[in-house]
Visitor: 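Here it is: the structure, laid out below.
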Amino acid sequence: MEHKALIVQSDLTLLMDVHSPGAEDARKDIIPFCELIRSPEHIHTYRISPLSLWNAASSGITEQDILQRLTRHSRYEIPQTVSFTVQELIGRYGAVILKPYEDSQLYELTFKTERIAREVLTRSELKGLLLFSGGRTFIRRYDRGEIKIRLIKAGYPVDDVIPLMKGKHVSIEMKSQTSQGMPLTIRDYQKEASDALLGDLGGGSGYGTIVLPCGSGKTVVAMEIMRRLKTTTLILTTNVAAVHQWISEIDDKLTVSSSQEPEEAVIGEYTGMRKEIRDITVCTYQVLTYRKDKEGPFIHLDKIREYNWGLIIFDEVHMLPAPVFKVTSEMQSSFRVGLTATLVREDRREDEVFTLVGPKRYDVPWSELEKKGWIAQAECVEIRIPLPFDAELPYAVAGKREKYRIASENVRKIDIVKQLVANHHDDFILVIGQYISQLKKIAKELDAPLITGSTTNAKRDELYQAFRDGKVQVLVVSKVANFAIDLPDASCAIQVSGAFGSRQEEAQRLGRILRPKQRDSHFYSLVTRFSNEEEFAANRQKFLSEQGYQYRMEVWD
Amino acid sequence: MIDQGSYDVFNSSLLSLHDDRYFALLKGFLGTISTPFNKHQLNRTLASILTRSEHQNGIVNHLNSTERQLLTTLSIMHSIREQELLYLCTGCHEYHECLHGALLLEQKLIVIPDPALSHQIIINPLFRENLSGIIDYRSLFSVEREDALRIEFSADVHLIFRALVSIAIHEDPKKVELPAQWEVHKPFFGNLLMHLRNRLKVEGITSVTETSEDSVAWMLLSGGFSQNPFAENIGLFLSALKTFSETFEVRGEAGSLTLVRFAQSLAHLKEIETDTLRSLLFSLSILAEKDTRDKDVSGTEDTIDSDHSITIHRGNPLSYTGRYHLYSRLSGLDTTIRYTVDKQSLFKAFSRSLSPQEIIDDMRHYSTRVPPSIVSLIPLLHQEYSQVMQIEGVILKTDARMERIFDAHTALAPFIVMKIADGIYVMNQNQEVQWRKVLSDIGVQHIASQGVLKEYPEETRTAPVHPLPAITLDLPYPVAAASMKMPAHVTDIRPSLYESLNRKQFSEEVKALLRARIEDFIIISEQQLHATGEEQKILSASGLDYMKKLRVIRAAMKEPTFHLLVVIFDQEGNTQEYIGTPLSLTRKDEEDVLLMKTHPDEKEHHWKVKSLYRVKTVPLSIFFVDKRNG
């Protein structure tokens, strides 16, 4: 007997048996109204949340649609509480509507019923945001994001029917082949992701977050969205190397022109090094949030927001710095795309990020793309190494943080790294670590170049390029290479130490070797045995194990 | 031809009635009874009227749904007090409907007093054969829509036992967070967990593999109620619950409520409110809905996933024998039951003498998908667990790495009394707290106690088997007889009776009374149209007639065979009906105030008489003087 794929639980989680023949159909049907929470090897967990339901409602999905889809794929009877909660929550959507107003500096708030108006207007958290005139309620234009956040927290999702504004027209087309002569086609999931975000370009669409694994081509999804919108675009990313990478990718894959400007004058770099604002501008979060002193103005942010952006792309959106929230809040009238592989934020501000940038519109389990060959298959191995005898006692008597440092810098890891490098003589290898002194020793032992925070941007670009060109086979890197660095041929990563239990860091580091290539990738995590590094390692691996990756344990004495 | 046995019961029943009641009853059927009379002869005459096919068909065909349900209930219980009958039927019908239905059945003599048991009623055996078409057990237990799921007894109780034992083993009793479904029964589950923890400590009970589901259900329910005086009735209750659920097709919420109510009645376990008890039984999976759409769950395999979560599917028999609860902690209890394996949970399992291989074998027993990562992790964790073991008293055994640290660590040296062999240390007995602290500081958070449970051999670590007390149901009608065997065409006899009544020279008051009896199918032949003149009058008052309302209330208080029905308006302007026993009528602050105990909730209410929209006396029984108490 074949079982249906979905198990609907009364706590609004949906368990999906990925081995069921109907799993793929079920996933497509439910993803518009729920979020993927974890996707280990066999049973994926999705969750229906108020936010996910309201986002679904904003794209026109009704409670009947949701219940029908659940019924179609559910293995067992749907618990009554689920039907009830879905109806109750969806019913709230549209109770508060945000509309345009003749005075372009204001928007009008309207309410479905008198009772809702009374409930909303008396809420203390909205004080200072609401303006009243002639029995009507208004907000200032720049409070659009803020009011949405506060109302959603209060349980009133705002139906924002103000159409998004397209910026100035920019001609953007996708090239048919890359500069290296490789044919350029959009993969199915990349198209699905851009479709999911743009929808019909009507109310409730055109903004959101796309979650795709590292190496799966999030940049291409963003470029496809740029192509379809053909408008002024601001791209925000994490560091200068990533800025350069974006510009190089755009050069490689897009034909961009403007009626007034030659192509090279259409793409601008706004970093510590160059300050160009063009129709397509790539900028770091860091420069955007720069100010001379704690109380001073955000100099660059003010300059940038004066430009009429039709589209803003937030690369690695989980890294969005808190001050950028404000500018995002003000730029609610632009199309917005958030890109990320890991939704984990240490400050727990995911909800705010997704309210401002936009809800999760597309998410696909890593293992799914691995199976289809869109990202490399990666073997994860945790190698446990004992401390040398002379470090056992110092470790035993040390404090907790010191213990972690001793374990992380276990000198015996160096021999293991050398051994692994020798074993993988055909691979392009990244040795990644947290502690500079440890990385310096390893770089010296391996006679390999080292990139850290103190390496100049020019030097970093040079080394990354040498690695890409195959001139450097082993690169030792600190956390500066955790994000947004594309090293397509890297096929082996050796993690010698990390930032305590950071799940996001672990996933991003694995992501460095996931570009599809002719060979499988190998991810080694070196952990000191009988130390607290084991516990931190277990925590670090949680995100990936929830994505279906398995760590094989080996003990190397 | 009247069956002699049936007649004898009928005759004895009537003879047991008080004379007043007896003659009032007989007059209703036979008209004036002239002296001298012979009760046996009168009873014989009445029996011959009642057994006439046109009479029986006329009555039986016009029984309403409440009457049919009362009779169905009575056919299961055989002999019962009327109050109990009303209690059993009130789930499906309003109390006052049941009260009225029971009175109608008395007046039609379909139910009669049980000659053997005082104040109890039985189905009149003279009607027994003719009732076979209207006794519909399904209507009692499957009143909801056709596709409502069937309720089963103790379907997954083994799984719940495991979930509870997992909490008892792995969670801190002071910080334990119960699954949401159990939170509403916090005191019960708190008590049950305490009970299980004690049993874990004393008996080492961790497994009920060989134990029947009945016994597990009994252990759980009585464990939660162990502090209550009625706990000894739990076995009988569960037995009744099981018997009923296996005999009848119980479906939906209303069906399960009826089921619980019947079992409570049989087990004399009415201290717990039925709704609460029902919810508890579902929480414990002693009752569970069986999903008929996909009943075959045998192909649904339990899963140990790469994130070290375990998903147990209800209804999978392989899960009933697993020991996952010993090495994983409960993380979710819903449509599926989910656990998580982590270092702490594995350490707890090791401390219960489970070896790494036993754990891996157990995982492979119920799942073919055991992730290699967990298989490689478990032995590594066991090595960490065993790095320092307490082998006896204050004698510690360490592995080689720990031995080096023990020998070199100056902070530990003062507490080591003697090193008796490689890696074997005698520690200072009086300073255990201090050396444990030093060990904790160096990263040994847990000192394994070797053989802590060895005193309990595996076979004794199962729950003792207690078979439930036996209950058998003696059903006079087939369970499957669900369809009504009513005549294809039934003529409404009432118009012709109304015409005959109109021709009679009775007072209007008597005519109104007889008209009501025709309406209720108590009178179904011209022979019964007598002006008895001795009927108890039903009084009622409504609206602004304040003085009459007072008279009605006083009449109800005076007459023990009356209840009082009051109608009031609630805050939203809807009428609410209450039925009960009027206890007092007092005057306070220039207002007449009625104190009434309402049925069946037995709550006392004070109402100002002026706030009562309507009051009405409601007769209780034609057989018993006061069935409320008798």
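Numbered from 1 within each chain, the chains take letters A, B, ... in sequence-line order. Side-chain atoms are counted along with the backbone in the values below, which use heavy atoms only and exclude waters and symmetry mates.
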Visitor: What pair of heavy atoms forms the shortest contact from B/E384 to A/F530, and how long is it?
Guide: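 The answer is CA-CE2, 3.7 Å.
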
Visitor: Quick one: pull up NE2 in B/H308 and CD in A/Q550 and give me the separation to the nearest 0.5 Å.
Guide: 7.0 Å

Visitor: Given a strict heavy-atom distance threshold of 4.5 Å, which part of A/E534 is in contact with chain B: side chain, backbone, both, or neither?
Guide: side chain

Visitor: Of all of A/Q541, A/R38, A/E554, which one pairs up most often with chain B through heavy atoms under 4.5 Å apart?
Guide: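 Heavy-atom pair counts peak at A/R38.
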
Visitor: Which pair of non-hydrogen atoms, one from B/I405 and one from A/A396, has the smallest distance, and what is that distance?
Guide: CG2-CB, 4.1 Å

Visitor: Working to the nearest 0.5 angstrom, can you tell me the gap between B/S373 OG and A/E382 CD?
Guide: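 If I round to the nearest 0.5 Å, the distance is 10.0 Å.
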
Visitor: May I ask you to name which of B/I304, B/T336, B/T303, B/D441 has the most heavy-atom pairs under 4.5 Å with chain A?
Guide: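 Looking at each of B/I304, B/T336, B/T303, B/D441 in turn, B/T336 comes out on top.
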
Visitor: Specify which of A/R529, A/K542, A/R552, A/R384 makes the most heavy-atom pairs with chain B at under 4.5 Å.
Guide: A/R529

Visitor: Please determine which of B/V375, B/L377, B/L381 meets the side-chain contact (heavy atoms from CB on, under 4.5 Å) test together with A/M553.
Guide: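 The residue from B/V375, B/L377, B/L381 that satisfies side-chain contact (heavy atoms from CB on, under 4.5 Å) with A/M553 turns out to be B/L377.
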
Visitor: Could you walk me through whether B/K343 and A/E535 satisfy the salt bridge (charged side-chain N to carboxylate O under 4.0 Å, His left out) test, starting with their C-alpha distance in whole Å, then the side-chain angles of each, then the deciding distance to 0.1 Å, before giving a yes or no?
Guide: CA-CA 9 Å; B/K343 180 174 162 178; A/E535 269 172 53; 3.2 Å; yes

Visitor: Does any heavy atom of chain B fall under 4.5 Å from the side chain of A/L387, the backbone, both, or neither of them?
Guide: neither

Visitor: Would you mind checking which part of B/A180 comes under 4.5 Å of any heavy atom in chain A, side chain (CB onward), backbone (N, CA, C, O), both or neither?
Guide: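 Contact with chain A involves no heavy atom of B/A180 at all.
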
Visitor: Just wondering, do B/R369 and A/E41 contact through their side chains at under 4.5 Å, heavy atoms?
Guide: no

Visitor: Could you tell me the separation between the OG1 atom of B/T311 and the NE2 atom of A/H42, rounded to the nearest 0.5 Å?
Guide: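 Going from the OG1 atom of B/T311 to the NE2 atom of A/H42 covers 10.0 Å.
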
Visitor: Please flag which part of B/R338 lies under 4.5 Å from any non-hydrogen atom of chain A: side chain, backbone, both or neither.
Guide: side chain

Visitor: Rounded at 0.5 Å granularity, tell me how far CD in B/E253 sits from CD in A/Q80.
Guide: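 So the gap between those two atoms works out to 7.5 Å.
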
Visitor: A side-chain contact here means heavy atoms from C-beta on lying under 4.5 Å apart; do A/V555 and B/L380 qualify?
Guide: yes

Visitor: Of all of A/L544, A/L393, A/V8, which one pairs up most often with chain B through heavy atoms under 4.5 Å apart?
Guide: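 Counting heavy-atom pairs under 4.5 Å, the top option is A/L393.
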
Visitor: Between B/R404 and chain A, with a heavy-atom cut-off of 4.5 Å, which part of the residue counts as in contact: side chain, backbone, both or neither?
Guide: side chain

Visitor: Pick one of side chain, backbone, both or neither for B/Q383, based on which atoms fall under 4.5 Å of a heavy atom in chain A.
Guide: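 For B/Q383, the contact with chain A is made by backbone and side chain together.
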
Visitor: Please state whether the side chain, the backbone, both or neither of A/T45 comes within less than 4.5 Å of a heavy atom of chain B.
Guide: side chain

Visitor: Please flag which part of A/P79 lies under 4.5 Å from any non-hydrogen atom of chain B: side chain, backbone, both or neither.
Guide: side chain

Visitor: Once you round to the nearest 0.5 Å, how far does CD1 of B/I442 lie from NZ of A/K403?
Guide: 8.0 Å

Visitor: Distance from A/I78 atom CD1 to B/T335 atom OG1, nearest 0.5 Å?
Guide: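 Separation between the atoms: 10.0 Å.
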
Visitor: Side chains of A/Y76 and B/E289, heavy atoms from C-beta outward: is any pair under 4.5 Å?
Guide: no

